[in-house]
Amino acid sequence: MVGRIKNSCIFGCQSRVKLAWIWLLVVLICCGCGDYGINGNEKEPARRIDTAMGTVISQTLYGEGKEEASVGVLQEITALEQNVLSWRLDTSRIYEINVNAKKGQGSMISPDMEEILQECLQVSEASRGAFDITIGEVVRLWDIDTWAGRADTENYPIPTQDDLQKALYNSGYEKIKLQDNILSMPQNLQLDLGAVGKGIALDRVRAYLQEREDISGGVISVGGSILTHGKKQSSETWKVAIVNPRDTSAYLGYLALNGGWCVSTSGDYERYVEVDGIRYHHIIDPATGYPAQSGVKSVTVLSESGLLSDALSTACLILGEEKGMTLAEQFGAEALFVDEAGEITMTDGMKAYFHLSK
Ligand code: AMP
Ligand code: MG
């Protein structure tokens with residue numbers, strides 16, 4: 001279906017948190033969460049909003065253990081950031097892997113980390129390098145996390161072609177070697193899991209909630225990525241809003257979902273700097289070293305895997321509609337694209353879930 005709509009780091013960045021708050025309000029409205037109840041009431045869900053991973057975490061949980069579980073969910077996400085994924089915190093595994101590489105040393109990795117990296121590499125291969133977790137040095141040159149939302153963007157230092165080419169030359173997912181639990185990579189290669197961190201968090205949260213029999217259902221949002229779990233108190237489906245990339249205080253429509261889904265959205269509106277009418281956003285096309293210009297403004301991907309939904313939404317924004325659609329289908333995922341004219345295109349499977357706003 002093609003519908004026309006008229007008008008229509010990881011980790012630790014304030015502007016990013018601000019944008020995530022605006023976005024979250026839209027999601028809450030669409031999820032029908034206007035009825036902020038007293039959590040003591042059995043039928044009311046526990047609701048909680050926190051910040052972690054440099055973004056907003058919101059939870060709506062049903063079931064006897066809702067209050068305790070909401071604390072547990074936050075702990076899972078915080079631990080994941082601090083111990084595993086952050087490239088900024090010296091307590092994390094990724095940080096350590098990057099430091100070891102700089103010293104010319106390999107790193108021993110756990111089966112969990114190996115699985116994460118293998119899945120990322122599969123998406124890199126299938127997307128012919130559009131998705132690449134070794135693009136960290138180029139991302140750092142653009143430094144959009146620091147500059148997004150600032151008033152003094154006339155001072156924004158646009159990276160030079162030379163610097164970008166040098167950083168691109170150093171990157172490349174095919175340089176990562178994984179063998180016998182050892183990861184090795186060249187000295188100047190740096191891993192950045194910013195494009196999959198929120199999705200991996202959803203996978204962790206789902207595993208945690210599945211262990212708890214005292215939770216009947218809920219919706220967890222980690223920035224732009226959302227997990228639906230179990231059932232609502234009523235027999236309704238969960239409703240996940242899709243933000244209008246042209247007006248982020250409004251939404252284009254929603255997905256009506258049962259439990260067990262992950263939804264991730266990547267967009268050029270999430271974090272960007274505008275200089276002389278040109279928008280420099282946070283998703284980089286490794287083919288050029290510049291922010292992706294595929295004609296797509298946002299991509300929403302639906303998958304049972306959080307990691308895949310997150311990786312594919314980033315990859316699809318770079319690849320554009322046609323190639324992105326093929327990529328998503330290759331991984332059994334559904335995707336919805338919004339282009340610069342506000343036109344919506346989606347995979348056939350997505351049509352069963354998507355409802356256009358009136
Ligand atoms: P997301 O919001 O999930 O689309 O992820 C965006 C983040 O992924 C950026 O802030 C970067 O940290 C990282 N990133 C940017 N470009 C790429 C790319 N081509 N491949 C993988 N990660 C990227
Ligand atoms: Mg992503």
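For the single chain, residues carry numbers from 1 onward in sequence order. Order of listing sets the numbers, starting from 1, for every ligand and every atom in it.
In summary, the atoms of ligand 1 found under 4.0 Å from a heavy atom of His282, numbered by their order in the structure, are 2 (O), 6 (C), 9 (C), 10 (O), 15 (C). Taking every non-hydrogen atom of Ala130 and a distance limit under 4.0 Å, the qualifying atoms of ligand 1 come out as 18 (C), 19 (N), 20 (N). Below 4.0 Å from some heavy atom of Pro286 lie the following atoms of ligand 1, by number and element: 19 (N). The contact set between ligand 1 and Glu270, taken as ligand atoms under 4.0 Å from a residue heavy atom, comprises 2 (O). The atoms of ligand 1 that sit less than 4.0 Å from any heavy atom of Ile318 are 19 (N).
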Practice prompt. Show your reasoning for whether ring-ring contact (aromatic ring centres under 6.0 Å, His included) applies to Trp261 and Tyr353.
Written response: CA-CA 11 Å; Trp261 289 105; Tyr353 306 103; 5.6 Å; yes
Discussion item. Pair Thr160, Asp162 - check side chain to side chain donor-acceptor pair (under 3.5 Å), show working.
Written reply: CA-CA 5 Å; Thr160 65; Asp162 265 9; 5.7 Å; no
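Contacts of Thr134 classified as side chain to side chain donor-acceptor pair (under 3.5 Å), with partners at least two apart in sequence or in another chain: Asp132. Legend: residues meeting side chain to side chain donor-acceptor pair (under 3.5 Å) with Asp180, ordered by chain and number and at least two apart, are absent. By the side chain to side chain donor-acceptor pair (under 3.5 Å) test, Asp112 pairs with no residue at all, sequence neighbours left out.
Of the listed options Val301, Leu312, Asp132, Leu317, Asp132 places a heavy atom closest to atom 21 (C) of ligand 1.
At least one N/O-N/O distance between Ser266 and ligand 1 falls below 3.5 Å. The shortest N or O to N or O distance between Val139 and ligand 1 is not below 3.5 Å. Considering backbone and side-chain atoms alike, Ile284 places an N or O below 3.5 Å from some N or O of ligand 1. Residue Ile283 places no N or O, backbone or side chain, under 3.5 Å from any N or O of ligand 1. Ligand 1 has an N or O atom lying under 3.5 Å from an N or O atom of Thr314, backbone or side chain. Residue Asp192 has at least one nitrogen or oxygen atom sitting less than 3.5 Å from a nitrogen or oxygen atom of ligand 1, judged on distance alone.
The only option from Asp192, Ile116, Ile94, Leu117 that meets the side chain to side chain contact (heavy atoms under 4.5 Å, CB included) definition with Ile133 turns out to be Leu117.
No side-chain donor-acceptor contact under 3.5 Å links Ser313 and Ser264. Looking only at atom types and distance, the side chain of Arg204 has no donor-acceptor partner in the side chain of Tyr208 under 3.5 Å away. With no hydrogens or angles considered, no side-chain donor-acceptor pair links Thr91 and Gln82 at under 3.5 Å.
Within the structure, ligand 1 lacks Ser313 among the residues with a heavy atom less than 4.0 angstrom away. Between Ala311 and ligand 1 there is no heavy-atom distance shorter than 4.0 Å.
Ring planes of Trp147 and Tyr156: perpendicular class, angle over 60° (limits at 30 and 60°).
For Trp142 and Tyr290, the gap between ring centers is short of 6.0 Å.
Counting heavy-atom neighbours within 6.0 Å of Gln330 CD, excluding the residue itself, gives a total above 12.
Of all protein N, O or S atoms, those under 2.8 Å from the Mg ion (ligand 2) number 4.
A donor-acceptor pair under 3.5 Å is absent between the side-chain atoms of His281 and the main chain of Val273, judged by distance alone.
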